[in-house]
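Computed from heavy atoms alone, side chains included, the values below leave out hydrogens, waters and symmetry copies. Note that this is a predicted model, so its numbers are computed, not measured.
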Amino acid sequence: QVQLVESGGGLVQAGGSLRVSCAASGRAFSAYNMAWFRQAPGKEREFVAAIRRGIPNTYYADSVKGRFTISRDNAKNSVFLQMNNLKPEDTAVYYCAADLTKYGTTNAYDYWGQGTQVTVSS
């Protein structure tokens, strides 16, 4: 029902900033809850941040609170993750996800993008 494509990943030095983006297809983007997850080599996919449909309530993993900000632009069918003060531990493939019903830390979102690599060097 919706296709998600991430972009904006790359290589940054520790302490730097990066913004990853997720572009969604379809005309009903505003009806979806959106989220960002990440997966590092040898680790399971973990929750990073989520933003509700409608009024943009947000929720963050403790590991990124105060450093990362999730936002959405419904007119552009896009969701963003601004990452500041990056640490080597943030290195992972970052995925965006969408769901009409679920919201928050659940790993059971219905739709997923292919991911974009973020690498933070020491």
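Annotation: Gln114, atom CD; neighbour count of heavy atoms from other residues, nucleotides and ligands within 6.0 Å does not exceed 12. No more than 12 heavy-atom neighbours from other residues, nucleotides or ligands sit within 6.0 angstrom of OH on Tyr59. Around the CD atom of Glu46, the shell of radius 6.0 Å holds more than 12 heavy atoms that belong to other residues, nucleotides or ligands. Atom NZ of Lys43 has 12 or fewer neighbouring heavy atoms from other residues, nucleotides or ligands inside a 6.0 Å radius.
For the pair Ser25 (side chain) and Gln3 (backbone), a donor-acceptor distance under 3.5 Å is present. Here the side chain of Arg72 pairs no donor or acceptor atom with the backbone of Val79 at under 3.5 angstrom. The closest donor-acceptor contact from the side chain of Ser30 to the backbone of Asn74 lies at 3.5 Å or more, if one exists at all.
Contact record, Gln82 with Arg19: OE1-CB, 3.4 Å, taken as the closest heavy-atom pair. Between Ser63 and Arg38, the closest heavy-atom pair is OG-NH2, 3.6 Å. Summarising the geometry of Thr58 relative to Tyr103, their closest heavy-atom pair is C-OH, 3.5 Å, with the distance given to 0.1 Å. Of all heavy-atom pairs spanning Gly8 and Thr116, the tightest one is N-OG1, 4.2 Å. Contact detail for Ala98 and Tyr32: the closest heavy-atom pair is CB-CD2, 3.9 Å. Counting all heavy atoms, side chain and backbone alike, Cys22 lies closest to Leu4 at SG-CB, 3.8 Å.
Inter-residue side-chain proximity for Ser21 and Ser78 is flagged as unmet; no heavy-atom pair is nearer than 4.5 Å. Put simply, the side chain of Gln13 does not reach to within 4.5 Å of the side chain of Leu86, judged on heavy atoms. The side-chain heavy atoms of Arg52 and Met34, taken from C-beta on, include no pair separated by under 4.5 Å. You'll find the side chain of Leu18 reaches within 4.5 Å of the side chain of Val118, heavy atoms only. Asp73 has its side chain within reach of Phe80: a pair of non-hydrogen atoms, C-beta onward, lies under 4.5 Å apart. Looking at Phe47 and Trp36, their side chains never come closer than 4.5 Å, going by heavy atoms from C-beta outward. Inter-residue side-chain proximity for Tyr111 and Asp99 is flagged as unmet; no heavy-atom pair is nearer than 4.5 Å. No side-chain heavy atom of Val93 sits under 4.5 Å from any side-chain heavy atom of Glu6.
A side-chain donor-acceptor contact under 3.5 Å links Asn84 and Ser17. For the 3.5 Å distance criterion, the side chains of Asn33 and Tyr109 fail to qualify, holding no donor opposite an acceptor.
Hydrophobic clustering (ILVMFWY, side-chain heavy atoms < 4.5 Å, transitive): Ile51 and Trp112 are in distinct clusters. No continuous path of hydrophobic side-chain contacts links Phe29 to Tyr95 [ILVMFWY only; heavy atoms under 4.5 Å].
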For Asn107 and Phe37, what are the C-alpha separation, side-chain angles and deciding distance, and is it a side chain to side chain contact (heavy atoms under 4.5 Å, CB included)?
-> CA-CA 8 Å; Asn107 208 354; Phe37 291 78; 3.9 Å; yes

Could you walk me through whether Met83 and Val20 pass the side chain to side chain contact (heavy atoms under 4.5 Å, CB included) check?
-> CA-CA 8 Å; Met83 300 179 287; Val20 290; 3.8 Å; yes

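In this structure, Phe68 and Tyr94 have tilted ring planes: the angle between them lies in the 30° to 60° band.
The pair Lys87-Asp90 does not meet the salt-bridge criterion, since no charged nitrogen lies less than 4.0 angstrom from a carboxylate oxygen.
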